[in-house]
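Bear in mind that the values here come from a model prediction, so they are computed numbers and not experimental data.
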Amino acid sequence: MIKKIVMIMMLILNIISFSEVPHTYIYDNPEKAITTAETLKKKPDGAEMNISVTKVKTQEIEGLFNKEDKKIYLTINELNMSDRLIITDTLKDIKNPSKLMLSKSKYNYKYDYPDISLSTEGMALNSKLYVIVLDSTNNLKFIKKVSSVKEYKPELDTVVDKVMKMLIRGNDVIFEFKRDYMWHYNQVITGEHISELTKEVEISFMATSQSYGSHDGRNRTGYGRTFVDVIDANGTLIETKTFTWWTYLGGDNKVTVPYRVYYTNKFDRPVTVKLRWSLDLGGYRAHAFSERYDMSVINRVEQVFRYVVSPLEGTTNLSFNDNYQKNYANFSSTSYADSNALVLENTVPGMTFSTSGTGIITMEDGDILDINGVQASVGASGNLGERVVNIGDLGLKYKVEGGKLRLGLNSWGVVEPLRTATIKVFRGTKEVTNHIFNIQAPKRLEGSSRITLKEYYPIDTYIAFNSVNLNSPVPLALENSIRDVVLESSSQHGLSTMQQGDILEINGVQSQIGTSGNLAEKAQNIDSLAFKYKVESGKLRLALTGWGVLEPRRDITIRIIRGANEISKHIMNIKSPTKVQGDSTLKYDNTYQIRTFAKFKGLDLSMPLPIVLENIQGVTLESTNGAGIPYMNQGDKIYISDNFRARRSKRAIGETYYEIGASGTLAKQNIKLTNGEVGVQVEGGKLNLALNNWTVNKNVNVRVQIVRGTNQIMDHTFTLKAPDAPFNVISQGVLDFGTIIAGAKNRMAETDVKIEMIKDVTDIQFKLNTDSPEMFNKNGTTLRARSLQAIVSKQANRKYLVKIQGKLDVPENQELGEYSGSLILEMKIK
């Protein structure tokens, strides 16, 4: 432990040190920086040694050598009257505190806090010079090294340059006189300065005497005064003040005027302030450096004239409404002398105006017009071409004509807030106008909405929308309730209430609103989407009249223009009801069981996938395009036909339809078509389709349409390819019993079927599948024919005539109506 203490002490005390224990003063070691200061235990009995380390640096000062009295003058402001000084040419004793405490100065000096005069007797001017300062307890306070000494020469100049100098710093104009030891009597300083036009002024004054008293008790000073005159812009004196700083003094009296603000004022209109002064610096016989000199009494004067060049100030409120036509507002101008209020020199439709304070100065060539920091230089004759400055979303246009400001709105944003335009005019470096315009632009609304119409929307039915007030906009809303019409979202604002003379623009097509805010019905198309619209009491009504297959969402852009201004813009994104379309080809082979239903999977309209055929023997899906068959709901109507001349998007007039019942069902229906007959039924909302009979070697074409509410939701065409046959049916009749009275007996009917074989055959046989086929009415009531037979005769090579005959008995109580059925003529060919 002892070794460790010794090592540390060697490290931190290996430089000049002195004073008494336990304090050790450490000076900069040029070889190693101080890194450690610790308190270590000396003995286990608890005794401790504390080492306090203080770094003291030698500071350099400059001396002034007076060759006449052979003295060096030093000034050390940090001195106290109780301090002890040692002035020497070496620091060798600084390492030994006890010896330093007993040291004396090498050179004689006189200490007159904070000044030291040091005799140079016996001193080489190139020798080192240190001032060691100890405090009242003989602890080292600091060391000053005299780094240089310059020779002092008393100034005996003439009074030519003894005048007040003018300095300008910001808004301060400083008049200053400062000269030590001026050897002339009765120096009088006079002068004046006139401010620019101002509304605020402050003037301060201070003066100090020489530091030496009169040698023989004689001095004299005359008056020291300043004068303040206030003059308005028209040249009229409105105030004058006189301030006296000193009068005649005798004896050893000195003159000191401490710093003082002696005049301050704020005016309600621009004025000029004239400052004049007459200052008698006086004189006396004084002694300095043990010599006698004739000196001035006052050695320093400072007078600060602070004034703010006040601009013409005012505030104007401009409020624009929706009738504003983007015209310029022409404003008057004024001068400092007049300081008139701002005047609107023209009528601006759609704008209201109010103002307070002073207007805008008449602008001249070279003036700078500043609007919210954007500057432009006014040209000849006080003119400036049109400029635009943007304040947020507000576009402010302006120009200057004949020195007068013209101001207007170029553009503005949605529900534009109150904007502030600060208009300044600079002439040279001075701001001569500061005018604030509070601007309320016309209200402009903007919004968007998303509307979805589904399958039960009643086509051609108007959707009624609300309208909103420009000053209190709300989102778009529906004013009527229509099935399957949903306003999914609306952001920002709805549509402004329209009034007579407004222009309603929809997708670029414009119409003018008439009396009472009404507009007669108009129609438009966006590609395959057809719609109509009208306006009632300022509110929009819109209806869809038609749409295409899988119609995409469409944007309808609605603008309302009042005068030259767009006051409302709304983008309405509309989804029309879904309609699907497709075509498919079904191939039947010889394994197909006639009248057996082929079943199709149902699809969701929101996912219009292609048609899918569920497994059925003898039927394959040869090809398909477009979408499949949607699930059918109760109340839907299904139309079956082979009428393909009507537009695919419309139902053919006169077609027969069947209404879907509960749980999406429809009982079996047999439907005659041009080339055959098909069976249709619906189970669980899914379509089933059967091929009952067909014209040999000819396709059966079937058009299936589904209507939900008033809208067609599906249009699908089927091509049914029956099994190939080795013959053609040249003609095929209908076994028609005609109109029969209930209770009739033995009613006869006959028809012919003509067949031509494609190839020669060795044997052919014809047979009816039954001699008593059933017939059905629309209610499913049956009626059976009897005694059917086929009589065959060969007409020519490969041609055969099959005559089919039958009878019908009608019971007395048979339900009235139309009955139909089917019969199969079977052939065996060898």
Side-chain angles (χ1 to χ4, degrees), residues 321-325 349-350 442-454 456-470 473-487 490 493-548 551 553-577 647 649-650 709-712:
N321 61 38
D322 42 80
N323 290 312
Y324 173 61
Q325 304 295 309
K443 291 293 191 299
R444 180 167 75 87
L445 310 183
E446 193 168 286
S448 62
S449 57
R450 185 179 176 90
I451 301 172
T452 295
L453 286 71
K454 295 188 178 179
Y456 286 107
Y457 164 68
I459 193 169
D460 295 348
T461 301
Y462 274 107
I463 306 168
F465 299 100
N466 71 332
S467 65
V468 301
N469 187 296
L470 283 171
V474 295
L476 191 74
L478 302 180
E479 287 194 334
N480 60 346
S481 179
I482 303 174
R483 185 178 182 184
D484 266 2
V485 176
V486 179
L487 176 60
S490 180
H493 318 120
L495 293 162
S496 172
T497 303
M498 288 169 265
Q499 61 188 39
Q500 184 175 354
D502 288 351
I503 299 297
L504 171 63
E505 180 185 287
I506 295 185
N507 284 7
V509 178
Q510 294 188 344
S511 304
Q512 188 171 36
I513 305 301
T515 306
S516 302
N518 293 326
L519 175 67
E521 184 177 284
K522 306 287 183 180
Q524 276 198 51
N525 287 78
I526 307 176
D527 294 331
S528 53
L529 179 69
F531 62 94
K532 61 183 180 180
Y533 55 94
K534 61 183 178 179
V535 178
E536 295 177 340
S537 299
K539 300 180 181 182
L540 179 68
R541 279 76 176 99
L542 185 140
L544 300 191
T545 57
W547 49 89
E551 186 77 36
R553 298 197 77 98
R554 300 287 188 180
D555 280 342
I556 297 178
T557 301
I558 304 167
R559 298 175 66 230
I560 301 172
I561 301 166
R562 184 165 295 162
N565 304 321
E566 177 187 86
I567 63 171
S568 186
K569 181 179 180 181
H570 196 93
I571 297 177
M572 191 177 292
N573 180 254
I574 292 184
K575 177 66 177 73
S576 62
R647 288 175 54 194
S649 61
K650 296 288 187 180
T710 59
N711 303 321
Q712 183 190 81

Task: Exercise: identify the closest heavy-atom pair between G494 and S568 - done: O-OG, 3.7 Å
Open item on the list: Using every non-hydrogen atom in the two residues, find where P458 and I482 come nearest and quote the distance to one decimal.
Closed with: CD-CG2, 3.5 Å
Task: Residue pairs passing the salt bridge (charged side-chain N to carboxylate O under 4.0 Å, His left out) test where at least one lies in residues 456-470, sequence neighbours excluded - done: none
TODO: Supply the atom-to-atom distance E505 CD to Q510 CD, rounded to the nearest 0.5 angstrom.
DONE: 4.5 Å
TODO: Could you tell me whether a side-chain N or O of N573 sits under 3.5 Å from a main-chain N or O of S449, the two making a donor and an acceptor?
DONE: no
Open item on the list: If we ignore hydrogens and angles and just use 3.5 Å, is the side chain of H493 paired with the main-chain N or O of E446 as donor and acceptor?
Closed with: yes
- [ ] State which residues pass ring pair (Phe, Tyr, Trp, His ring centres under 6.0 Å) with Y324; sequence neighbours excluded, sorted by chain then number.
- [x] F320
TODO: List the steps and the verdict of side-chain contact (heavy atoms from CB on, under 4.5 Å) for N507 and T557.
DONE: CA-CA 5 Å; N507 284 7; T557 301; 3.8 Å; yes
Task: Rounded distance (nearest 0.5 Å) linking atom CD1 of I556 with atom CG of L542 - done: 5.0 Å
Open item on the list: Nearest 0.5 angstrom please: D555 CG to M572 CE, how far?
Closed with: 10.5 Å
- [ ] Please check if the side chain of R553 supplies one atom and the backbone of I451 the other of a donor-acceptor pair under 3.5 Å.
- [x] yes
Open item on the list: So that I can tick it off, tell me whether R554 and E551 are bridged by a salt bridge, with the cut-off set at under 4.0 angstrom between side-chain N and carboxylate O.
Closed with: yes
Open item on the list: Quick one: does any side-chain atom of N480 pair with a main-chain N or O of Y462 as donor and acceptor, under 3.5 Å?
Closed with: yes
Task: Close side-chain approach of T461 and T710, heavy atoms under 4.5 Å - done: no
TODO: Give a yes or no on whether the backbone of A530 and the side-chain of T545 come within a donor-acceptor separation of less than 3.5 Å.
DONE: yes
- [ ] To the nearest 0.5 Å, tell me how far I503 CD1 sits from I567 CD1.
- [x] 11.0 Å
Open item on the list: Check this for me, if you would: do R541 and E479 make a salt bridge, where the nitrogen-to-carboxylate-oxygen distance has to be below 4.0 angstrom?
Closed with: yes
Task: N321 side-chain N/O to N323 backbone N/O, donor-acceptor pair under 3.5 Å - done: yes
Open item on the list: Measuring only between side-chain heavy atoms, which start at C-beta, is F531 closer than 4.5 Å to Q524?
Closed with: yes
TODO: Locate the shortest heavy-atom distance separating S496 from S467; write the atom from each residue and the value.
DONE: C-CB, 4.2 Å
Task: Interatomic distance, S448 atom OG to I558 atom CD1 [nearest 0.5 angstrom] - done: 11.5 Å
Task: Rounded distance (nearest 0.5 Å) linking atom CE of M498 with atom CD of Q512 - done: 13.0 Å
- [ ] Take W547 and N711 through the test side-chain contact (heavy atoms from CB on, under 4.5 Å) and record every step on the way to the result.
- [x] CA-CA 10 Å; W547 49 89; N711 303 321; 3.4 Å; yes
Open item on the list: Under a 3.5 Å distance rule, please check whether S490 uses its side chain to pair with a backbone N or O of P475 as donor and acceptor.
Closed with: no
TODO: Let me know which of L476, L445, L540, I560 forms a side-chain contact (heavy atoms from CB on, under 4.5 Å) with H570.
DONE: L476
Open item on the list: For a 4.5 angstrom cut-off between non-hydrogen side-chain atoms, does P577 reach L453?
Closed with: yes
- [ ] State whether the number of non-hydrogen atoms from other residues, nucleotides or ligands found under 6.0 Å of K443 atom NZ is greater than 12.
- [x] yes
- [ ] For Y533 and I506, indicate whether the former's side chain and the latter's backbone hold a donor-acceptor pair under 3.5 Å.
- [x] no
